[in-house]
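Residue numbering restarts at 1 for every chain, and letters A, B, ... go by the order of the sequence lines. The figures that follow rest on heavy atoms only: side chains count, while hydrogens, waters and symmetry mates do not.
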There are 2 protein chains.
Amino acid sequence: MTAPANATALRLFEQHRDLLARATSACATREYFSPFPETPDRYPDSAAALARGQATYEALLGQRFELDQPGEIGRLGDEVSPYTGRSLGIDYPRADVDALFRAARAALPAWADAGPDARVGVCLEIVQALFAELPVLLHAVMHTAGQSYAMSYAGSGTNALDRGIEAVVYAHQSMTAVAPSALWERRFGSATIRLQKRYLLVPRGVAVCFTCATFPTWNAYPAMLASLATGNAVIVKPHPTGILPMALSVRVARRVLASAGFDPNLVTLAVDSAAEPLGKLLVKHPQTAIVDFTGSARFGAWVERNAHPALCYTETSGVNTVILDSVHELEPVARALATTMHLFSAQMCTSPQNIYIPRGGIDVGGRRASVDEVCEALATAWRGVTADPRRAASILATIQSPATLELISSMRDAGTRRGSLVVDSSPYAHPDCPDARTASPLLLRVTPDARDLYCEERFGPIGFVIETDDAGAALQAATADVRESGGITAFVYSTREDFVAEAESAYAVAGAQLTCNLTGPMPLNFAASYSDYHVTGLNPAGNATLTDASFVAARFRIAQSRRPVA
Amino acid sequence: MTAPANATALRLFEQHRDLLARATSACATREYFSPFPETPDRYPDSAAALARGQATYEALLGQRFELDQPGEIGRLGDEVSPYTGRSLGIDYPRADVDALFRAARAALPAWADAGPDARVGVCLEIVQALFAELPVLLHAVMHTAGQSYAMSYAGSGTNALDRGIEAVVYAHQSMTAVAPSALWERRFGSATIRLQKRYLLVPRGVAVCFTCATFPTWNAYPAMLASLATGNAVIVKPHPTGILPMALSVRVARRVLASAGFDPNLVTLAVDSAAEPLGKLLVKHPQTAIVDFTGSARFGAWVERNAHPALCYTETSGVNTVILDSVHELEPVARALATTMHLFSAQMCTSPQNIYIPRGGIDVGGRRASVDEVCEALATAWRGVTADPRRAASILATIQSPATLELISSMRDAGTRRGSLVVDSSPYAHPDCPDARTASPLLLRVTPDARDLYCEERFGPIGFVIETDDAGAALQAATADVRESGGITAFVYSTREDFVAEAESAYAVAGAQLTCNLTGPMPLNFAASYSDYHVTGLNPAGNATLTDASFVAARFRIAQSRRPVA
């Protein structure tokens, strides 16, 4: 039975060999690469494909989602579109978790036996099939996560798939670095011992992949593909408010696996609800060998403490920091910060939250601009983003969770009590969706006395301007905050080379990925696949690096067998 | 200050470049390699060097051990030689743990800045310097761990250093796989964004390396060198009954670091006592970034549960299993098992403990040998090992801990109550050391009813013959025991290819390294550096693989800095 499966899978490997080679080269040079068109209008046969995708998505609404997987013990699903405020009306299989594990484990031996090339071939075919599904998937992301059309296509689509390919590259490199066999010979006293040795790559077993509400696929694809490529099975546990993108992705993966002759139960979906969560049960399940978690700091901390003996990769939360020291021109910097802090209403793990400014102001092309002046420039830039509703919609998109609106409100209260309002948050009118849940970013001005407010991720469109003694104090405070509360990205604006160098060292030790002096049309927190590294693992934001060997090398183990030969 | 240090270190890298290349090639091909002579008589200038080593060791006895490291707050040390029963009379600095962490962290920046090649150069020079110290070190191992002269030289000396070089190879490969910089360019709308990116290897911080009583250096050298090569500092916490080998090793490492212009506090020693253990404090110390632990299952389980957020590698305990199905000749198999189960009185993490035999007996060259007959052959082989006291001494050496004698006694009582005695344990008379603590291996015969006795590591010279229904049941029972209680090695004797293939699959999944049908002069549990893999991480014996990329890839992290260029 494994022979035909392997033949198909090895054909897929041949078919994707060139992609693998180009992606491997990009991972080494870290130069620009993507096999995908970056905007929907350049999607193959764009107009027809996108129209078909939308129609397919609409046909899913109000229906049973068909996913022919084992252990169905009921149906559930209660997703609400942040664009329309209406239920998607889709129900999904509720699965007996033990049945999913049993099915996954039954599928493992043939998948493990298939070997690295066959598995990598199938994984890259899954990537290809997900790209083919993207015109449907992007609507699923929009109407659960609340992202814009463009971000759903690129950020949750092509960019997520590129990060998935990256994980496959590292998996392939790690596995092929292990020789399959050796002939070993040594003298012991007067005798010569010759041993034939076989080295076997053994998957860990069943991985559980938790996906988050606002950016489900971006972390999921690398995690799923890293686990699959190294021979494991994957049970996907989506956030109950964002099931559809993962249900579609799981269905695609199952279809590709089955077409290649493998058991589709290598990838299954475990849907739960806020009322009856499955998270702890999945993490503590005796058959769970790997946990990939993206989500809240609170549950993430529980996962990190309780996942053992399973291998555990997490991405939780953090405070992404900005330091303003000196700039040539203030306006482009304010604009870049405004755009980035509005992007998807700052519901990204890489969105900046805290802007540290020396209380004496900053140098702007040789003159001193006061904190008041900087705040005014930020406020002006803020207003610029939302002036045109259509542009606002393309940048801010919607607010995924109603709880975020409550958080904005409580932060506004606390922030104005403890400091002052630079720009208030308010809904903007979405030009196409009058019922869309929207909110522009709140920007508060505080001092380090309010550290309890800002030294914690305030998820959503909430930012702080923090006045520090001077630029050195800003750097010290910002990196201390990152070390304490986590941080993935960081941004520094300084015309002083020595300060930039100091910031590079300090942020490297704190473990946040630094961008210096960037202005212009690229969002400051844009992470380029094959080039930009992600979570470092050096601070509490998590250890799911996604994009290096350490993310894959422990997902399989090496067992050996040796015997004498004449 | 870092410039001259780096120049020296880079010279060391050039000096050891050929060794690194040859070791890297051996890790890839898994063929035989070692840069070291495998027996003491082939040590450079052997007679003089070994005599000098012994004299140096003897001069250490009854003295203060000088280790010029920070934070000394007293002295302690209470080692007793298993060969003489007498105290070594050496006292060591008792260190203020916080002072060690402070000193280590102060040493980190320059070490991190030095870069991979410089650090690898220094690490390989440490290996070279430890080899130069081996004539002293081997006496330290003998008189703390109780190993034989030959094993102290090879197993705790050259083989341990080879495994250390292996770790350096994997560290070098993992680090050099990361590009130091890239120029990245992409269009965003009508603009082209060009970013210069720097990728920085950031060490995790301070590693704590726990070493065990019976085989201190073998796990320590790979762990220490993996941490150092990737830019971390190391605090070594030796077992209180086996301080000297690690005190000498730490002193050597400090000397090499200082000679190369680095802060010697990158490697320090934290000595404790059974009465006032430091283990938990070190694991939970807020500055501990990595824990390498070799030791008991009980404390190991605590370490695994409590090390987070530190990265944690453990090797604890397990039951190493043997399956007898069919052989061409019984006597060579019995002899190989007997020798291996006597080797260092089975105080090795790789020593076999449980021999599973079908109750109907085994096929021996076409005829059936009953379990009685197999047991008789084992008993005869047992007596053969201890017949000549000098040979017995070279194989069994001594018993490290008095507790092991008590364990033998309690197992004898329980085993004879629950089953029968195949061979009793008794002291043998060491020809040179009349006061040596010795014990030949106890061999008990039981059924699976006595699983509570044998499905747990009984550390020391204690073995079980377990009668199962048939060979299939033996394989099932043995691999189930490994999955439940851990296991590093496994041994199968079968003339049936299908059974060997079944055993290969079953043990690979259970995660024990399998040796099939081996007889002859090589100890069955001999692990060849550069060729044999060690712990798999698939069962409770631990996850300290030592000899692959997963052991090093997460010891450093990747941070980046990017900025626009014209």
At a 4.5 Å cut-off on heavy atoms, which part of [X] comes close to chain A: side chain, backbone, both, or neither?
X: B/Leu195; answer: side chain
X: B/Ser34; answer: neither
X: B/Arg198; answer: side chain
X: B/Ala554; answer: both
X: B/Leu524; answer: backbone
X: B/Val552; answer: neither
X: B/Ile193; answer: side chain
X: B/Asp532; answer: both
X: B/Thr545; answer: side chain
X: B/Leu518; answer: both
X: B/Pro540; answer: neither
X: B/Pro309; answer: neither
X: B/Asn517; answer: both

* Report the relative orientation of the aromatic rings in B/Phe526 and A/Trp184; use parallel for angles under 30°, tilted for 30 to 60°, perpendicular for over 60°. => tilted
* **B/Val202 vs A/Thr536 side-chain heavy atoms within contact, under 4.5 Å** => no
* **Close side-chain approach of A/Phe188 to B/Pro523, heavy-atom, < 4.5 Å** => yes
Rounded distance [0.5 Å steps], [atom1] in [X] versus [atom2] in [Y]:
X: A/Arg563; Y: B/Glu504; atom1: CZ; atom2: CD; answer: 6.5 Å
X: B/Asp548; Y: A/Ser174; atom1: CG; atom2: OG; answer: 9.5 Å
X: B/Tyr533; Y: A/Gln560; atom1: OH; atom2: CD; answer: 8.5 Å

Exercise: identify the closest heavy-atom pair between [X] and [Y]:
X: A/Arg30; Y: B/Ala179; result: CG-CB, 4.1 Å
X: B/Ala528; Y: A/Lys197; result: CB-NZ, 4.0 Å
X: B/Arg204; Y: A/Gly537; result: NH1-O, 3.9 Å

* Check each of A/His308, A/Glu304, A/Arg305 against B/His308 using the side-chain hydrogen bond (donor to acceptor under 3.5 Å, both in side chains) test, and report the only one that passes. => A/Glu304
Residue among [options] with most heavy-atom pairs under 4.5 Å to chain A:
options: B/Glu31, B/Gln173, B/Arg186; result: B/Arg186
options: B/Thr39, B/Val178, B/Asn306, B/Val509; result: B/Val178
options: B/Arg562, B/Glu185, B/Arg557; result: B/Arg562
options: B/Leu183, B/Leu538, B/Asn543, B/Thr29; result: B/Leu538
options: B/Glu38, B/Met522, B/Arg555; result: B/Met522
options: B/Ala553, B/Ser531, B/Ala28; result: B/Ser531

* To do: Examine whether an atom of A/Val500 lies under 4.5 Å from a heavy atom of chain B, and if so say whether it belongs to the side chain, the backbone or both; otherwise answer neither.
  => side chain
* Which atoms of A/Thr547 come close to chain B, meaning under 4.5 Å heavy atom to heavy atom: side chain ones, backbone ones, both, or neither? -> neither
